[in-house]
There are 2 protein chains.
Amino acid sequence: MDTNNLPANVLDPDCPSRVIFQRIGDKWASLVVQVLADGPIRFSELRKMVHVVTPKVLTQTLRTLERDGFITRTVHAQVPPRVDYELTELGASLLEPLTLLRLWAEDHVPSILKARDAYDDAQDEAVIGG
Amino acid sequence: MDTNNLPANVLDPDCPSRVIFQRIGDKWASLVVQVLADGPIRFSELRKMVHVVTPKVLTQTLRTLERDGFITRTVHAQVPPRVDYELTELGASLLEPLTLLRLWAEDHVPSILKARDAYDDAQDEAVIGG
DNA sequence: GTTATTGGTATCCATGAGGTAACTAAGTTC
DNA sequence: GAACTTAGTTACCTCATGGATACCAATAAC
């Protein structure tokens, strides 16, 4: 391992990649990015798409994504206000790995639910068996 | 949208794929899976690899991964005890998308840090400018 | 009988993530 | 002048996650 060239390593708690890796795993951030895949969208539309997120939390999520360079925020001088959010090139580049992960999750739902049932049954038997 | 055939959709809060998608984003789970990529490993070794995780939290993470069918837990009848954790086929299949995401994160660390600096500078100027 | 080892568990506690609800700006409509 | 609109902000509260610490079981070595 070449520590001079700072090899990024998610397992190192001091490596920025670990922080970034976990930011991607954020409850809302990755969902927002995937909604933005269909093009620019305004705040209220986004709220509807990402079902059940409070304005406060959505704002927090969007600010963080903006700060990290994943999205841009465009305020239109209108009344009532109109604000559009759009993926940057960086944000768009995240779509590919993120989509693969989403597809994996969607594909393996049955396997995981099955594993859970089997595990829970085994637990029950262990308890009954004493 | 065909609701009878249950099209998996991460954006639907009631879809199991959303839960699973977010479990992958768990602080420790995805890290553990990536460590297990190198083959079976015992509890104490795992703790050293995933740097700074308390035994309680590691146990919780491992139990959840086991329940969801990502890993197996093998207890050897020895004293002192030896417990090995190993990826299942399901868990191993997650490695591919997860690795792509990790590589993305590691590759884009500089871009993100740069975006952050630019954003913070802009914020500072806005404050100074009044 | 004391100590060391491994893989945990039990208990308590602090942080913070996220939810609720009310409020604001600013112009348009009624 | 009251109400509606969008895109938030603010204050307040709650609950779960995760951290710190101590302890335990079982046996072998000393």
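As the structure is a prediction and not an experimental result, all values here were calculated from the model. Here is how names work: the chains are called A, B, and so on, in the same order as the sequence lines, proteins then strands, and each is numbered from 1.
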Protein-nucleotide distance (Arg63(B), atom CZ; dG8(C), atom C1'), rounded to Å = 8 Å
Crowded around Glu45(A) CD? As in, over 12 foreign heavy atoms under 6.0 Å?
-> yes
Can you tell me the distance, in whole Å, between the CG atom of Leu62(B) and the P atom of dG8(C)?
-> 8 Å
Where does the chain B footprint on DNA chain D start and end, counting 5' to 3' with a 4.0 Å heavy-atom cut-off?
-> dG18(D) to dT27(D)
Atom CZ of Phe43(B) to atom C1' of dT9(C): distance rounded to whole Å?
-> 10 Å
So, do Val83(B) and His76(B) sit near enough that their side-chain heavy atoms are less than 4.5 Å apart?
-> no
Table of protein N/O atoms under 3.5 Å from nucleotides 18-28 of chain C N/O atoms:
from, atom 1, to, atom 2, distance (Å)
dG18(C), N7, Lys56(A), NZ, 3.2
dG19(C), N7, Lys56(A), NZ, 3.3
dG19(C), O6, Lys56(A), NZ, 2.4

When rounded to whole Å, the NZ to C1' distance for the pair Lys48(B) and dG7(C) reads 13 Å
Between Gln34(A) and Leu95(A), what is the shortest heavy-atom contact and its length?
-> CA-CD2, 4.2 Å
Gln78(B) CD - dG8(C) C1' separation (whole Å) | 16 Å
Residue pair Phe70(A) / Ile112(B), side-chain heavy-atom distance below 4.5 Å | yes
What heavy-atom pair brings Lys27(B) and Leu31(B) nearest, and what distance separates the two atoms?
-> O-CD2, 3.9 Å
What residue pairs, at least two apart or across chains, pass side chain to side chain donor-acceptor pair (under 3.5 Å) with a residue in residues 50-64 of chain A?
-> none
Within the structure shown, what part of the strands sits under 4.0 Å from Arg47(B) by heavy-atom distance: base, sugar-phosphate, or nothing?
-> nothing
Leu98(A) and Ser30(A): which non-hydrogen atoms are nearest, and at how many Å?
-> CD2-O, 3.7 Å
Do any side-chain nitrogens or oxygens of Arg73(B) fall under 4.0 Å of OP1 or OP2 in dG8(C)?
-> yes
Going by heavy atoms in the side chains, are Trp104(B) and Ile24(A) under 4.5 Å from each other?
-> yes
Return no unless some side-chain N or O of Arg42(B) is found under 4.0 Å from OP1 or OP2 of dG7(C).
-> yes
Within a reach of under 6.0 Å around CD of Gln78(A), are more than 12 heavy atoms found that belong to other residues, nucleotides or ligands?
-> yes
